[in-house]
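Notes follow the structure.
Only heavy atoms go into these numbers, but all of them, side chains included; no hydrogens, no water, no symmetry mates. All figures in this text were calculated on a predicted structure; none of them were measured in a lab. So that the names make sense, note that chain A is the first sequence line, chain B the second, and so on, each numbered from 1.
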Amino acid sequence: MLRTHYAGGLKETDLGREVRIAGWVEDVRILGSLLFVTVRDVSGKAQVVFNRKEVENALFSRAKNVPRQSSVVIKGIVQESRAKELRVEIKANDLQVVSEAIHPLPLDPTGRVPTSIDLRLDSRAIDLRNPKNAAVFKIRHKVLQSTRNLLNQMGFTEVSTSRIIGQAAEGGANLFSLDYFGDKAYLAQSPQLYKEQLTLALDRVFEIGNFFRAEKSNTRKHLSEFVSVDIEAAFADENDVMQIAENLIAGVFKQVNESCVEELKLLGHRIQEPNTPFESLNYGDAIEELRREGINITYGQDLTDSMLRVLGKLHRGFFWIVNWPSSLKPFYIEVRNDKPEISRGFDLQYGYLEIASGGMRVSSKTTLIRRLGEAGLEAKSFTDHLKIFDWGVPPHSGWAIGLDRLMMVLTGKKNIREVVLFPRDRYRLTP
RNA sequence: GCCCGAGUGGUGUAGCGGCUAGCAUGCGAGCCUGUCACGCUCGCGACCCGGGUUCGAGUCCCGGCUCGGGCGCCA
């Protein structure tokens with residue numbers, strides 16, 4: 001064991017105890033015969049003191065000359081600190097440099113000098129030594145964990161469907177294609193059809209996975225690879241799954257608030273558990289509101305980014321947009337019985353940001369074939385999917401939450417790249 | 001893909017026709033026994049690339065590349 005304690009975990013109860021910590025050197029300050037080394041690890045930092053008069057020359061100069069950000073193991077006795085903000089520190093009797101950092105480093109992970117996001121992403125591993133940047137991913141971990149727990153409690157079974165698919169159907173976004181032993185294959189943009197098929201036997205399923213979209217987007221909220229939280233529930237309608245989304249999101253907010261106090265403080269970001277149910281806005285009313293704001297839009301047009309920005313100012317926090325024209329929703333979304341021109345799909349917004357979309361699905365084969373036609377797609381290329389509708393597919397509903405976008409809300413970050421470890425966008429394929 | 005803006009030491013920036021190209025941080029050398037973004041002294045290190053205008057170009061013009069913002073595209 002290189003390490004007996006974490007740097008951030010030293011307490012007064014450790015006074016007098018010999019400990020070993022392992023981390024990286026954040027700072028070296030020398031005052032005559034006294035040498036202060038700040039050592040950080042994932043848990044926080046500890047101050048280490050070397051006294052020239054009490055330790056060997058070799059050790060003192062090794063400590064004095066260790067390049068910052070090098071990995072070190074330090075042994076010493078915990079003593080009371082005279083530092084203003086510290087209770088305890090380590091009076092060192094050994095320091096081993098286990099891996100030296102070569103200077104100049106591409107950025108300063110202590111955050112004394114800011115670094116542009118682009119450069120930070122080029123050096124992501126060391127960028128995460130900055131606790132503010134690491135905090136984002138500790139929160140992300142908590143979000144994933146709570147999402148799994150909450151969906152599990154709601155009776156969902158977690159599944160993993162394939163990312164490599166043979167049909168580029170579905171319309172909408174462009175897919176990345178690849179060579180599959182001489183056949184053309186594609187990277188999935190969504191588990192949509194698979195998760196619908198699974199409701200036939202597994203009833204309620206969810207999947208958290210990476211999906212791909214070959215759009216040449218150049219924005220702060222789009223990536224070529226993103227993480228989607230998908231659910232699909234048998235014998236459920238759109239209202240049922242909207243409620244599930246509300247409970248899930250409120251639950252995630254609550255748990256992040258409870259267990260990520262330090263991380264949120266580091267980010268200087270506050271979150272408030274949203275009240276449920278969320279506000280619900282009819283598409284038609286949204287159009288009216290936009291027209292009142294002087295925006296030139298007519299019923300039936302899709303809402304553009306700038307329109308969503310306006311709506312986001314009028315409706316703070318989470319809100320649903322419902323009762324969309326059927327023509328604006330994908331073929332697998334059910335339409336209303338009384339008014340087939342109105343869809344049973346919904347979008348979830350957080351201000352201007354689209355967080356999720358979903359709806360009641362079509363479960364009648366003839367309706368689905370008709371809807372495919374209306375969407376300009378060929379039923380022929382959906383043979384594998386269509387056949388399940390002969391096998392007693394239950395009525396079902398579901399949605400997909402963009403996890404990265406939800407992370408933007410939870411961390412207050414304005415650029416989606418901040419909340420993804422190694423983002424892939426139009427111009428970035430590495431590291 | 002379109003529009004706008006920006007590229008200056010490792011990092012973040014100031015300068016916008018003639019400067020020994022300034023500052024912060026970093027790095028190197030030195031002084032200091034309680035620092036804590038320690039302090040102080042000295043030093044190191046930079047004008048994105050290619051054309052053009054001009055006596056003279058980080059500075060102005062054109063093109064390229066890269067980045068940022070907005071738009072568009074977008075299960």
Base-pairing assignment for [N] (Watson-Crick or G-U wobble, both under 3.5 Å):
| N | result |
| --- | --- |
| B:C40 | B:G30 |
| B:G18 | B:C55 |
| B:G63 | B:C49 |
| B:A24 | B:U11 |

Heavy atoms under 4.0 Å, any strand shown: does [X] hit a base, just sugar-phosphate, or nothing?
| X | value |
| --- | --- |
| A:T115 | sugar-phosphate |
| A:L31 | base |
| A:E89 | base |
| A:N218 | base |
| A:S357 | base |
| A:F226 | base |
| A:H222 | base |

Output the rounded distance in Å from CD (A:Q192) to P (B:C74).
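Checked: the CD to P distance equals 18 Å.
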
For A:I102 and B:C27, give me the distance from atom CD1 to atom P, rounded to whole Å.
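To the nearest whole Å, that distance equals 13 Å.
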
Does B:G64 count as syn, meaning its glycosidic angle lies within 90° of 0, or as anti?
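Anti for B:G64; the angle lies over 90° from 0.
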
Between [N] and [X], is there an OP1 or OP2 to side-chain N/O distance shorter than 4.0 Å?
| X | N | answer |
| --- | --- | --- |
| A:R112 | B:G12 | no |
| A:R220 | B:G68 | no |
| A:R68 | B:G26 | yes |
| A:S116 | B:G12 | yes |
| A:R309 | B:G70 | yes |

Minimum-distance nucleotide to [X] side chain [options: [options]]:
| X | options | result |
| --- | --- | --- |
| A:S190 | B:G1, B:A75, B:A24 | B:A75 |
| A:N415 | B:C67, B:G69, B:U35 | B:G69 |
| A:D108 | B:A75, B:U25, B:U35 | B:U25 |
| A:R29 | B:U33, B:A37, B:U35 | B:U35 |
| A:H103 | B:C27, B:U35, B:G72 | B:C27 |
| A:D118 | B:C67, B:U35, B:U25 | B:C67 |
| A:S228 | B:A75, B:G34, B:G69 | B:A75 |

If you measure from the P atom in B:C27 to the same atom in B:A21, how many Å do you get, rounded?
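Rounded to whole Å, the distance is 26 Å.
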
Roughly how many Å apart are B:G63 and B:A37, using the C1' atom of each and rounding to a whole number?
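Result for the C1' pair: 44 Å, nearest Å.
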
Do A:K84 and B:U35 share a donor-acceptor pair, side chain to base, under 3.5 Å?
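For A:K84, whose side chain was compared with the base of B:U35, there is no donor-acceptor pair (under 3.5 Å).
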
Does A:N296 have more than 12 heavy atoms from other residues, nucleotides or ligands lying within 6.0 Å of its CG?
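No, because the 6.0 Å sphere around CG of A:N296 holds 12 heavy atoms or fewer from other groups.
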
Distance alone, cut at 3.5 Å: any donor-acceptor contact between the side chains of A:Q197 and A:W391?
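There is no such pair (donor and acceptor under 3.5 Å, judged by atom type) between the side chains of A:Q197 and A:W391.
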
What class does the angle between the rings of [X] and [Y] fall in, given that below 30° is parallel, 30 to 60° is tilted and above 60° is perpendicular?
| X | Y | result |
| --- | --- | --- |
| A:F278 | A:F318 | parallel |
| A:F211 | A:F226 | tilted |
| A:H385 | A:F389 | perpendicular |

Donor-acceptor pair, A:R124 side chain versus A:L421 backbone, under 3.5 Å?
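The answer is yes, because a donor-acceptor pair under 3.5 Å joins these two groups.
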
Determine yes or no for a side-chain-to-main-chain donor-acceptor pair under 3.5 angstrom, with A:Y283 supplying the side chain and A:G300 the backbone.
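Side chain of A:Y283 to backbone of A:G300: a pair is present.
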
Contact nearer the 5' end of RNA chain B, comparing A:I30 with A:F211
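With A:I30 and A:F211 compared, the 5'-side residue is A:I30.
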
